[in-house]
Peer 1: 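Have a look at the structure that comes next, please.
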Amino acid sequence: MATAEIPYQETVPLHHPKTWLGKYVFSQDHKVIAVQYGITAMAVGLVALVLSWLMRIQLAFPGLLEGFGPDEYLSAITMHGMIMVIYLLTAFLLGAFGNFCVPLMCGARDMVFPFVNMLSYWVYLISVILLLVVYPLMLFTDVAPTGAGWTLYPPQTITAGTPGADWGIVLMLASLAIFIVAFTMGGLNYITTILQARTRGMTLMRMPLTVWGIFIATFLGLIAFPALFVSAVMMLLDRLIGTSFFMPAIVSLGQKLEYSGGQPLLFQHLFWFFGHPEVYIVALPAFGVVSDLISVHARKNIFGYRMMVWAIVAIGILSLIVWAHHMYVAGMHPYFGFFFATTTLIIAVPTAIKVYNWTLTLWRANIKLTVPMLFALSFVLTFIMGGITGLFLGNVIIDIPLSDTYFVVAHFHMVMGVSPILAIFGGIYHWYPKLTGRMLNDTVGKIHFYFTFIGTYVIYFPMHYLGFVGVPRRYYETALGGTFPDFYPPSAHYLNIFITIAALVVGIAQLLFIYNLVHSYFKGEKASDNPWGANSLEWRTPQTPPSHGNWDERLPTVHRWAYDFGVPGHDTDHVPQDVPRKESA
Amino acid sequence: MTETTAPGNESIFTATARDWSSDVTTFKGVPWGKAMMWIFLVSDTFIFTCFLVSYMTVRMTVTDPWPNPSEVFALAIPNELFGLQFFESSIPVPLLLIAIMTFVLISSSGTMAMAVNMGYQRNKKGVVLLMVATALLGMTFVGMQIFEWSKLIIDEEVAAWQNPMGAAQFGSFFFMVTGFHGLHVSAGVAYLLIVAWRVGRGHYDHTNFEIVEITGLYWHFVDLVWVFIFALFYLW
Amino acid sequence: MATEGQQHPIKIYLLVWGLLFAFSAISYASDYLDDGVFRTSVILLFMILKAAAIVAVFMHMQWERYALIFAILLPPLALMVLMTLMAIEADYAWATRVEYMGEPIAPEPKPPPTHKPHH
Amino acid sequence: MLVALILLAVVLGSVAFNFLSPWTFLELGSNWALIDFTVLVTFVICGVAFVILGVYMAWWVYKYKYVPGRLSEYEPENPKLEARLTIVTTIGVVVMLAPGLVAWDQYVRVPPDATELEVNSEQWKWSYRLPGEDGIFGHAHNKYITFENPMGIMEGDPYAEDDIIITSQTVKIPIDRKVKVLLRSKDVLHDFWVPEIRAKMDSVPGMVTYFWFQPTLLGEFDILCAELCGRGHHTMRGEMHVVSLDEYETWLDAQVTWAEMKAGAIPLSPEAMQGRSVAESNGCFACHSLDGTRMVGPTWTNLWGSTVQMDDGTSLVVDEAYVRESIAEPGAKIREGYSSEMTPYEFSDEDIASVIDFLKSQIQEEEQVEQPESVE
Ligand code: HEA
Ligand code: HEA
Ligand code: CUA
Ligand SMILES: [Cu+2]
């Protein structure tokens, strides 16, 4: 067995375009594609952010927004949820971080199939356009965005009592199907690159955890998105040509529909067979990024690297068999509760190990409180908070009173709406110098951090208590004025107002971040090749920002893992991965 | 340079572990394109299985009767041909067309396997011929499928949303699953023809012709899916 | 790199080709059996045999390294879980339809409009 | 320093909030004390883990702050510590799961002495059915639903005749009686939920789902819909009154059986019939009731010709012009106490005329009004 096999990439010529268009728009360079993904994802993210303001304003000050009735509210939560989960988080973590980090951290010249990689972005853009086109359409036609909730449960998704049940839903499903195509093209690239195109010496057990997280997340995506794809196709057929896959005989608003015999629960199973892995698709890359940030900025090796890797793998595997914990109250087979509660709580063990290891990495470290580190620390705290509330919900009997209340809303915002977002922010502050050659402004970064961390925490933490009181989610109005009996104390309404104000403040604070990104791009302090003193390969490129092809004629050779910080007997506190062993001894 | 099978003196587990913990490439001796195709096929397996699981679920849940496919898809052998009388009356044979389609698809897999073999022998002419033959068989298959669809729609009045014999989902799943498979076959035909053309033009002369094997993987997968559709939809 | 690839004697392809024909013929013939466990087993058995032959020989799986084989064959186990659970649940949902909605238990399909049933 | 303090403040603040917050579960009104107990166990275990991890984090961030030139300790792994933590966590999980699974076992297995209550849900209201004297429900299926047969009861099913049909949004239950709730849906997913009872379950069209409970607290409780069911989801509110056995019996006696309901159907003129079907097929009854109950929109009982208050303080008599306007442009005048939930409809003159005929048919003498509550 020859281990010194020469990777193909050194023999394969890269596509070097001559024109501006080919270089920056239809580029096949993974770094440019990463930026394209990132900017697009942030732009749609802002749309979702604005929608969340509208929702919050309605909840705190009912009736303040003219023309924001129940239809608009439901459309807003649906678009908000879907954009945030799929078009922002999945696209950002895998499309942007995946593209940027995988080849650089593996020591590859580019993705294995740069052309397919480029297509992936453009198809993603099409799906985004198809998703958002309802808003301009709304002005000129009576097409409305769908208000089915991001879970899209039939039959209501395609029956008349739901806004957008005629064409809004069709656009949404079509956009999702196209997104899946885009994801598949990108995902195949990431996986193949990680498996087949690492540089010499880069064994899997030396890969930075970021790459591990992206790797397992992508794999999960490739086998989970098919379930969404299939259910989207079947629902489209139900909607457009009148098949009855998910539709039993129903009488919708006085009208007998032509459907008969379908099974609504089937959709829920398919959706969550995708949906639960999906939440880990957005969590695992964030885990990886945070592991790297903590280790680098605490100047200490990550604690228990092997356990960290196996935990990621275990979470990936287990996440495929816990899906029905979202369906405890869905009326599924009653005995499934035992199975899914058990698997769900088992998955908490590897996750807990990760949390312990992040914390233990801080122990006897030498912690630099840089902006990326602040975000990483806050990630750990919000993730613990969100994770333990997941344990409440996972324990089937506790989910019974809490399901479909604000407790669930609080859980998933803690664990998905802020933890991965914090990881993304941390990652951007961390890699921006390599990407652009300039540092982001530290002070602005810190202000942004405090607003975002404390702000989101005070938004979501109290929501758990609304859930205990019994405030249901997806309610246009939770306090129905004097005519309906109030089922929760008026004090809860003040809580709602508080949450809304916090949400507005936090949202506006994001302008600081955008300002920082733009301003520093032109005026920021020049970054050195390795400003943080990190070990992984992306900091060892000959140029900053790395040129197309990333490396010189020779690819780097890896001699160690990415976490050699504070190795005894060394004059520096870090030893990069491509420093040979004997020199280091 | 690399062996393609694990050395005999190693247990499967050590062999697997060694490959996974090795340098540069995990799947030794597997070109990038082939690795990518395999992973894509895993993803595609999930698509088809989700379709089939949905089919199972709905078929088990509906209470409307499920038509007997072997009757629905029976083909009557005509009692006369070109004016010559063969039988007293026409004879319905269950699933006849499906059986022929199955044999056609299997044969196309056979020719594809030969094409791969020719590829590794660097026999370009053989590759092109066999791939074109495969594509032709694939087209035959799609053609027969179109015939079957039209027969079902016109003669038996089955549509995706209705079925005079019982559960409407019979038609829905039939058209959806075979339609999806048919799309795969059609895409495969196009893929085969493009690759055959490029092989003929000498596009891959500097490589080892693994592109033929990659195309073959896809094509065999399409055949594989048909095995399941045949058993689970037509025979069950 | 010229030695890489999957080169195998033509003979084995022809053999598998023939086998696939035979297996298909047998599965096809199962249609003449009476419904029941035996027929179902025949269908499933030959389905699996055919699938195995295609994957192992035509797709060269049997000559691949275990690292690849496991990576391909293990993930679909998740689908087995899905399938099993969905079968259990479908049965449950069907039972509620029969028990509470008065749906018939085993209705006979109507014959196809064009020709008569033959067995 | 600042960061460590903030982390600590967040952790301790969360704990303090938990103890000081006035917002907790509503008073338990059923036998499901085991749920509350499991929540408590989970709270303790998770809370302790949260505090320990959070405090350590803050402390270490403070203690191991960057000192130039110092090296952090190089300790890639510590298998013993990791194994110990894994075991402790596993124990924690088992302790939380155990009471949960025991409770779930009770939840899914209905005691044999439970009586049945069928809850029917539709956009956006509730109705109920009791099995009657024979204790057995007649079969019902959405495909049989008509205006006269709102629950889709199967024609000629002998068990159905004595079934008690409750079209009001309010249902009464005797205290301490075990109730198995069977859930059905006419259109989309809904979820029957009384927060005090803790229990809930979705109703799924095309199948029947269930759960059971035993009320232990007298009182009137709101029934919420806890599964998104379209634009009226937030208004889908019923009432469950847990009452003494005596009161229950009186109430039950006043309810109609399926046989009585069929017999008592009041014939309508053809024009009114036409209007009714126009209203039905446009979904008006999702928001307007015909039995005096208030739903999203005002009831249609005795609406025609009555004097109604608008939210701008004016009042008017419901006449043709007003109805016409209310349908074509509902936002123009809003009834006092309602909001502009109704979307505009484009009706032909003929349709509007027929709807008006139907509205006229809904004028009832006071004593004829089907008001179950009036029994009290
Ligand atoms: C990033 C996304 C993400 C992540 C990582 C998780 C993680 C978890 N989730 Fe969450 N979840 C969502 C996103 C996510 N979830 C979303 C979006 C929804 C709602 C969808 C919708 O309906 O719209 C949801 C809903 C949801 C439900 C359904 C609720 C309902 O609708 O009724 C459940 C129920 O089981 C659940 C459980 C869990 C569990 C057990 C974990 C576990 O993985 C958590 C593990 C973490 C820890 C356990 C914390 C760390 C460990 C310690 C601090 C040590 C101490 C621990 C012990 C002593 C055991 N989640
Ligand atoms: C990643 C996921 C994510 C994120 C970040 C958010 C962010 C927010 N969400 Fe969201 N939310 C969901 C996912 C998310 N949400 C989902 C899945 C649902 C369920 C939908 C359904 O029921 O169908 C939901 C539902 C939901 C509800 C419940 C509605 C209901 O049930 O009636 C509410 C109510 O308050 C709410 C509020 C907010 C607020 C105030 C914010 C934020 O404004 C809070 C502040 C956060 C930030 C400021 C960080 C945001 C950063 C970005 C968005 C990146 C943009 C890029 C740049 C700025 C460069 N959300
Ligand atoms: Cu009914 Cu929500
Ligand atoms: Cu989940």
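Letters go in sequence order (proteins before strands), and every chain restarts at 1. Quick caveat: nothing in here was measured; it's all calculated off a predicted structure.
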Peer 1: Can you tell which part of D:Phe25 gets under 4.5 Å to a heavy atom of chain A, answering side chain, backbone, both or neither?
Peer 2: both
Peer 1: Checking side-chain polar atoms at under 3.5 Å, does D:Ser203 have a donor or acceptor matched by the opposite partner on D:His190?
Peer 2: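 Not at all, the side chains of D:Ser203 and D:His190 share no donor-acceptor pair under 3.5 Å.
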Peer 1: Out of D:Lys143, D:Met207, D:Arg109, D:Glu82, which one racks up the most heavy-atom pairs below 4.5 Å with chain A?
Peer 2: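 Heavy-atom pairs under 4.5 Å are most numerous for D:Glu82.
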Peer 1: Which bit of D:Trp59 comes within less than 4.5 Å of chain A, counting heavy atoms only: side chain, backbone, both or neither?
Peer 2: neither
Peer 1: Checking A:Tyr328 against chain D: side chain, backbone, both or neither under 4.5 Å from a heavy atom?
Peer 2: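 Contact with chain D: backbone only.
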Peer 1: Between D:Arg335 and D:Asp311, does a side chain to side chain contact (heavy atoms under 4.5 Å, CB included) hold up when you go through it step by step?
Peer 2: CA-CA 6 Å; D:Arg335 275 277 293 267; D:Asp311 65 353; over 6 Å; no
Peer 1: Counting only non-hydrogen atoms closer than 4.5 Å, does A:Asp564 touch chain D with its backbone (N, CA, C, O), its side chain (CB onward), both, or neither?
Peer 2: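 Looking at A:Asp564, backbone and side chain both touch chain D.
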Peer 1: Heavy-atom distances under 4.5 Å only: say whether D:Phe43 touches chain A with side chain, backbone, both or neither.
Peer 2: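 Contact with chain A: backbone and side chain both.
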Peer 1: Most heavy-atom pairs under 4.5 angstrom with chain A, which of D:Val93, D:Leu71, D:Thr42, D:Leu7?
Peer 2: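 When all of D:Val93, D:Leu71, D:Thr42, D:Leu7 are compared, D:Thr42 has the most.
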Peer 1: For residues A:Gly254 and A:Val251, report the shortest heavy-atom separation together with the two atoms involved.
Peer 2: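 Taking every non-hydrogen atom into account, C-CG1, 3.9 Å.
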Peer 1: Taking atom types as modelled, find out whether D:Arg70 and A:Asn366 have a side-chain donor-acceptor pair closer than 3.5 angstrom.
Peer 2: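 Checked: D:Arg70/A:Asn366 side chains pair up, N/O donor to acceptor below 3.5 Å.
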Peer 1: Looking at A:Leu360, A:Val355, A:Thr572, A:Thr389, which makes the most heavy-atom pairs under 4.5 Å with chain D?
Peer 2: A:Leu360
Peer 1: Relative to chain A, which segment of D:Ile45 carries a heavy atom at a distance below 4.5 Å: side chain, backbone, both, or neither?
Peer 2: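 For D:Ile45, there is no contact with chain A at all, as no heavy atom is under 4.5 Å.
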Peer 1: Which atoms of A:Thr157 are under 4.5 Å from chain D, going by heavy atoms: the side chain, the backbone, both sets, or neither?
Peer 2: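 Neither the backbone nor the side chain of A:Thr157 comes within 4.5 Å of chain D.
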Peer 1: Can you tell which of A:Tyr335, A:Tyr73, A:Tyr476, A:Trp561 has the highest number of heavy-atom pairs within less than 4.5 Å of chain D?
Peer 2: A:Tyr476
Peer 1: Tell me, for A:Thr151 versus chain D, whether the close heavy atoms (under 4.5 Å) come from the side chain, the backbone, both or neither.
Peer 2: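 Looking at A:Thr151, nothing touches chain D.
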Peer 1: Contact part of D:Thr24 toward chain A, heavy-atom cut-off under 4.5 Å: side chain, backbone, both or neither?
Peer 2: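 Answer is backbone: N, CA, C or O of D:Thr24 sit under 4.5 Å from chain A.
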Peer 1: Would D:Asp222 and D:Glu239 count as a side chain to side chain contact (heavy atoms under 4.5 Å, CB included) if you check the C-alpha gap in whole Å, the side-chain angles of each, and the deciding distance to 0.1 Å?
Peer 2: CA-CA 5 Å; D:Asp222 285 333; D:Glu239 273 182 56; 4.3 Å; yes
Peer 1: Is it the side chain or the backbone of A:Leu362 that comes within 4.5 Å of chain D heavy atoms, both, or neither?
Peer 2: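 Both parts, backbone and side chain.
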Peer 1: Strictly by modelled atom types, are D:Asn18 and A:Tyr465 linked by a side-chain donor-acceptor pair under 3.5 Å?
Peer 2: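 There is such a pair (donor and acceptor under 3.5 Å, judged by atom type) between the side chains of D:Asn18 and A:Tyr465.
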Peer 1: Does a donor on one side chain and an acceptor on the other come within less than 3.5 Å for A:Ser378 and A:Tyr457?
Peer 2: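 Looking only at side-chain atoms, A:Tyr457 and A:Ser378 do not form any donor-acceptor pair under 3.5 Å.
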Peer 1: Examine whether an atom of A:Glu72 lies under 4.5 Å from a heavy atom of chain D, and if so say whether it belongs to the side chain, the backbone or both; otherwise answer neither.
Peer 2: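 Neither part.
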Peer 1: Find the one option among D:Leu85, D:Leu97, D:Thr38 whose heavy-atom pairs under 4.5 Å with chain A are most numerous.
Peer 2: D:Leu97
Peer 1: May I ask you to check whether A:Phe392 and A:Phe407 place their ring centers less than 6.0 Å from one another?
Peer 2: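 That pair passes the under 6.0 Å test.
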Peer 1: Ignoring hydrogens and geometry, is there a side-chain-to-backbone donor-acceptor pair from D:Gln123 to D:Cys229 under 3.5 Å?
Peer 2: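 It does hold such a pair.
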Peer 1: Heavy-atom cut-off 4.5 Å, strictly under: side chain, backbone, both or neither for D:Asp191 against chain A?
Peer 2: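 Interface part for D:Asp191: side chain.
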Peer 1: Flag the one option from A:Trp363, A:Phe453, A:Phe461 with the top tally of heavy-atom pairs under 4.5 Å to chain D.
Peer 2: A:Trp363
Peer 1: Tell me, for D:Val61 versus chain A, whether the close heavy atoms (under 4.5 Å) come from the side chain, the backbone, both or neither.
Peer 2: both
Peer 1: Contact between A:Pro472 and A:Asp404 at the side-chain level, heavy atoms closer than 4.5 Å - yes or no?
Peer 2: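 A side-chain contact is absent here, since even the closest heavy-atom pair is not under 4.5 Å.
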Peer 1: Checking D:Phe37 against chain A: side chain, backbone, both or neither under 4.5 Å from a heavy atom?
Peer 2: neither
Peer 1: Calculate, to the nearest 0.5 Å, the distance between atoms OH and OG belonging to D:Tyr66 and D:Ser72 respectively.
Peer 2: 10.0 Å
Peer 1: Taking A:Leu381, A:Ile454, A:Thr405 one by one, which has the highest count of heavy-atom pairs under 4.5 Å against chain D?
Peer 2: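 Ranked by heavy-atom pairs under 4.5 Å with chain D, first place is A:Leu381.
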Peer 1: Decide if atom CZ of D:Phe17 counts as having more than 12 heavy atoms of other residues, nucleotides or ligands within a radius under 6.0 Å.
Peer 2: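 Atom CZ in D:Phe17 is crowded, with more than 12 foreign heavy atoms closer than 6.0 Å.
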Peer 1: Flag the pair D:His233 / A:Arg474 as yes when at least one side-chain heavy-atom distance between them is below 4.5 Å, and no otherwise.
Peer 2: yes
Peer 1: Looking at A:Asp573, A:Leu402, A:Thr159, which makes the most heavy-atom pairs under 4.5 Å with chain D?
Peer 2: A:Leu402
Peer 1: Contact part of A:Leu374 toward chain D, heavy-atom cut-off under 4.5 Å: side chain, backbone, both or neither?
Peer 2: side chain
Peer 1: Do D:Arg198 and D:Phe213 meet the cation-pi criteria used here (NZ or CZ under 6.0 Å from the six-membered ring centre, within 45° of the axis)?
Peer 2: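 No, a cation-pi geometry is absent between D:Arg198 and D:Phe213.
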Peer 1: Counting only heavy atoms closer than 4.5 Å, note whether A:Tyr305 contacts chain D via side chain, backbone, both or neither.
Peer 2: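 The answer is the backbone of A:Tyr305.
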Peer 1: With a 4.5 Å cut-off on heavy-atom pairs, point out which of A:Ala298, A:Gly261, A:Gly147, A:Gly337 contacts chain D the most.
Peer 2: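 Answer, by heavy-atom pair count under 4.5 Å with chain D: A:Gly337.
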Peer 1: If you count heavy-atom pairs under 4.5 Å with chain A, which of D:Gln106, D:Glu75, D:Met96 comes out on top?
Peer 2: D:Glu75
Peer 1: Given that the side chain runs from C-beta out, which part of D:Thr209 has a heavy atom under 4.5 Å from chain A: side chain, backbone, both or neither?
Peer 2: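 When you check distances to chain A, only side chain atoms of D:Thr209 fall under 4.5 Å.
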Peer 1: Would you mind checking which part of A:Ile353 comes under 4.5 Å of any heavy atom in chain D, side chain (CB onward), backbone (N, CA, C, O), both or neither?
Peer 2: side chain
Peer 1: So which of D:Trp32, D:Trp193, D:Trp104 actually passes side chain to side chain contact (heavy atoms under 4.5 Å, CB included) with A:Ile400?
Peer 2: D:Trp104
Peer 1: Let's test your reading of the structure: which of D:Val3, D:Asp36, D:Val208 forms the most heavy-atom pairs below 4.5 Å with chain A?
Peer 2: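 Option with the top pair count is D:Val3.
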Peer 1: Checking A:Ala165 against chain D: side chain, backbone, both or neither under 4.5 Å from a heavy atom?
Peer 2: neither
Peer 1: State, yes or no, whether a side-chain contact exists between D:Phe192 and D:Leu224 at a heavy-atom distance under 4.5 Å.
Peer 2: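 Result no, sub-4.5 Å side-chain heavy-atom pair not found.
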Peer 1: What residue, out of D:Tyr64, D:Phe285, D:Trp124, has the most heavy-atom pairs lying under 4.5 Å from chain A?
Peer 2: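 Ranked by heavy-atom pairs under 4.5 Å with chain A, first place is D:Tyr64.
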Peer 1: Is it true that the NZ or CZ of A:Lys300 lies under 6.0 Å from the centre of A:Phe565's six-membered ring and within 45 degrees of the ring axis?
Peer 2: no
Peer 1: Do D:Thr86 and A:Tyr356 get their side chains close enough for a donor-acceptor pair, meaning under 3.5 Å?
Peer 2: no
Peer 1: Tell me, side chain or backbone of A:Leu369 under 4.5 Å from chain D's heavy atoms, or both, or neither?
Peer 2: side chain
Peer 1: Are the side chains of D:Arg231 and A:Thr162 in touch, meaning some heavy atoms are under 4.5 Å apart?
Peer 2: no
Peer 1: Relative to chain D, which segment of A:Arg306 carries a heavy atom at a distance below 4.5 Å: side chain, backbone, both, or neither?
Peer 2: both
Peer 1: Which region of A:Thr359, side chain (C-beta onward) or backbone (N, CA, C, O), has a non-hydrogen atom less than 4.5 Å from a non-hydrogen atom of chain D, or is it both or neither?
Peer 2: both
Peer 1: For D:Tyr56, is the OH atom crowded, meaning more than 12 foreign heavy atoms sit under 6.0 Å from it?
Peer 2: no
Peer 1: Does any backbone or side-chain atom of A:Trp358 lie under 4.5 Å from a heavy atom of chain D? Answer side chain, backbone, both or neither.
Peer 2: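 It is neither, since no heavy atom gets under 4.5 Å.
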Peer 1: Quick check on D:Ile6 against chain A: is it the side chain, the backbone, both or neither that has a heavy atom closer than 4.5 Å?
Peer 2: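 Just the side chain, heavy atoms under 4.5 Å.
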